[in-house]
2 protein chains.
Amino acid sequence: MAAHDRAGADVARTSRRGPTPGSDAVSVDVIKQEATRLFAERTYPAVGIRDIAEAVGLLPGSLYVHIRSKDELLFLIVRDGIQLFLDAIEPVAHVAAPAGVRLQNAMGAYLAVAAEHQQQTRVAFHQWTYLQGDQRAVVVELRQSYEKLFADIVAEGVDSGDFRRPRSRRLAVLTIVGALNAAGDWFDPSGSMSVDDVAADLADTALRGLCEGTAYAQADS
Amino acid sequence: MAAHDRAGADVARTSRRGPTPGSDAVSVDVIKQEATRLFAERTYPAVGIRDIAEAVGLLPGSLYVHIRSKDELLFLIVRDGIQLFLDAIEPVAHVAAPAGVRLQNAMGAYLAVAAEHQQQTRVAFHQWTYLQGDQRAVVVELRQSYEKLFADIVAEGVDSGDFRRPRSRRLAVLTIVGALNAAGDWFDPSGSMSVDDVAADLADTALRGLCEGTAYAQADS
DNA sequence: CCTACCGATCGGTAGG
DNA sequence: CCTACCGATCGGTAGG
């Protein structure tokens, strides 16, 4: 009876948090996934190594079988997160098409990734600031590549005459990227608007602005 | 000699961190000011009560003569920060003028505050998420008032025919507010562009968009 | 992957 | 406003 209870307890215990023999142990990917969720909900410094361990069903110390440190976990999430955007936007940014079309498609590609990886996007674009040293340097470089995709489209649009000449090209790029990043924050994939709807509306605002017809443009030219 | 040294040490000690008799003791405002700087640089959870104490020249425990808790400090910074924007934007948002003019002026008012209170702006718009309960509820309400200022301008612009009818008014507002908040983050008051320059460029993008002439508008209508 | 634990630091308080 | 300290929690490790 006592032996029977013990055996039952051991089975429950093993299936709850042990590396079940024959099935997969907790992997780095699962840890990254849970850490992404927790960082997105509460931010990196507010999430403890114990919160992550509990989420994946391990004891705190056991996490270090899979990861080197808490900050390496953040680094991987941020780096891979930005890379998702580079991989999605690069193809549509470089096709042979008018700058307006390419900008609209780049915005759509951004939103598609942001909608599919909402939590990782939040961590990647807001929480890279907690990284230091080499990790931070790598991320800063990736961020610059990301901004350059949009900067190139704007520059080519201005040079080809498709776009008006803004007072500051850099500022125009920061405005677009800022609006886009903000959209990634509030966009709700389960809401009434699809990714394409939102992308179309964002592109409208970026390309045409809010003014009806040429009312505002006339006042300036 | 020993007595002399002691007296000198006491004077230095008093002037360094004591409540110097006859002069002002460390005030809540100084603590708020230093906490604002530290929160903006490293974020709320990453800043310890000991960091704040050191910045104002007190020992950690002595802070609690002036403040109730660390989270109350954050609350005050965030609440007063958002209020700065409400106070600055409300007057220009409600004057009798075309929606385009009012939007441009509201953007200028936002940027003026963001430039003058850069650190508090960062804390107010990014770190209110660390607040909970009643404090968070108060802040959420203030944020809604802030967004409503822009929502009203857009709604009135659309109704009067000054603005084209966007696919989603709410989305247009979020886009504008998002671009504005982003500008508050990267705007450098010591840079080459003035507040007015940046406001004019932002308003251009919001009202006219990037496209030259009616090229993009024609394709749509 | 767990047990058992490390030193450091956290926000905050009692008593003067 | 300081002295002296509280219990709790932090990221991380040695040894099995």
Side-chain angles (χ1 to χ4, degrees), chain A residues 6 9-31 34-35 38-39 42-77 127 130-133 135, chain B residues 6 9-31 34-35 38-39 42-77 127 130-133 135:
Chain A
R6 281 281 297 154
D10 279 346
V11 166
R13 200 157 172 277
T14 304
S15 67
R16 205 177 69 247
R17 63 177 185 195
T20 312
S23 86
D24 289 339
V26 166
S27 66
V28 195
D29 284 332
V30 173
I31 296 174
E34 291 301 312
L38 290 167
F39 291 165
R42 306 210 294 265
T43 80
Y44 176 75
V47 172
I49 215 70
R50 283 158 182 81
D51 301 316
I52 302 170
E54 191 185 6
V56 299
L58 293 182
L59 292 185
S62 306
L63 272 184
Y64 291 86
V65 174
H66 304 285
I67 64 168
R68 240 188 283 268
S69 62
K70 188 191 171 193
D71 57 80
E72 191 203 31
L73 205 44
L74 176 63
F75 171 67
L76 295 176
I77 294 167
Q127 302 188 34
Y130 297 112
L131 294 171
Q132 294 173 339
Q135 292 175 337
Chain B
R6 279 283 296 155
D10 279 346
V11 166
R13 202 158 170 276
T14 303
S15 65
R16 205 175 70 247
R17 63 177 184 192
T20 313
S23 86
D24 289 338
V26 167
S27 65
V28 196
D29 285 332
V30 173
I31 296 174
E34 292 300 312
L38 291 167
F39 291 165
R42 304 209 295 265
T43 80
Y44 177 72
V47 172
I49 216 71
R50 283 157 182 83
D51 301 316
I52 302 169
E54 191 185 6
V56 299
L58 294 182
L59 292 187
S62 304
L63 271 185
Y64 290 85
V65 173
H66 305 285
I67 64 168
R68 239 188 283 270
S69 61
K70 189 192 171 193
D71 57 80
E72 192 203 31
L73 204 45
L74 175 62
F75 172 67
L76 294 176
I77 294 167
Q127 302 186 35
Y130 297 112
L131 295 171
Q132 294 170 342
Q135 292 175 336

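What you see below is based on every heavy atom in this structure, not just the backbone, and it leaves out hydrogens, waters and symmetry mates. So that the names make sense, note that chain A is the first sequence line, chain B the second, and so on, each numbered from 1.
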If the condition is ring pair (Phe, Tyr, Trp, His ring centres under 6.0 Å), which residues does Tyr44(A) pass it with, not counting sequence neighbours?
Phe39(A), Tyr130(A)
Under 4.5 Å between any side-chain heavy atoms of Asp51(B) and Arg42(B), yes or no?
yes
State the pairing partner of dA8(C); accept Watson-Crick or G-U wobble contacts with both distances under 3.5 Å, and report none otherwise.
dT9(D)
Pairing partner of dG15(C), by Watson-Crick or G-U wobble and under 3.5 Å for both distances, is dC2(D)
Is it true that Asp71(A) and Ser69(A) share a donor-acceptor pair across their side chains at a distance under 3.5 Å?
yes
If you check every side-chain atom of Leu59(B), which of dC1(C), dC1(D), dC2(D) has the closest atom?
dC2(D)
For residues Thr43(A) and Thr43(B), determine if any side-chain heavy atom of one lies less than 4.5 Å from a side-chain heavy atom of the other.
no
Extract from the structure each pairing of a protein N or O with an N or O of nucleotides 7-13 of chain C at less than 3.5 Å, listing the distance.
| residue | atom | partner | partner atom | Å |
| --- | --- | --- | --- | --- |
| dG11(C) | OP1 | Val47(B) | O | 3.4 |
| dG11(C) | OP1 | Lys70(B) | NZ | 2.9 |
| dG11(C) | OP2 | Ile49(B) | N | 2.7 |
| dG11(C) | N7 | Arg50(B) | NH1 | 2.7 |
| dG11(C) | N7 | Arg50(B) | NH2 | 3.4 |
| dG11(C) | O6 | Arg50(B) | NH2 | 2.8 |
| dG12(C) | OP2 | Tyr64(B) | OH | 2.7 |
| dG12(C) | OP2 | Lys70(B) | N | 2.9 |
| dG12(C) | O5' | Tyr64(B) | OH | 3.4 |

Indicate yes or no: at least one non-hydrogen side-chain atom of Gln127(B) is less than 4.5 angstrom from one of Ile77(B).
no
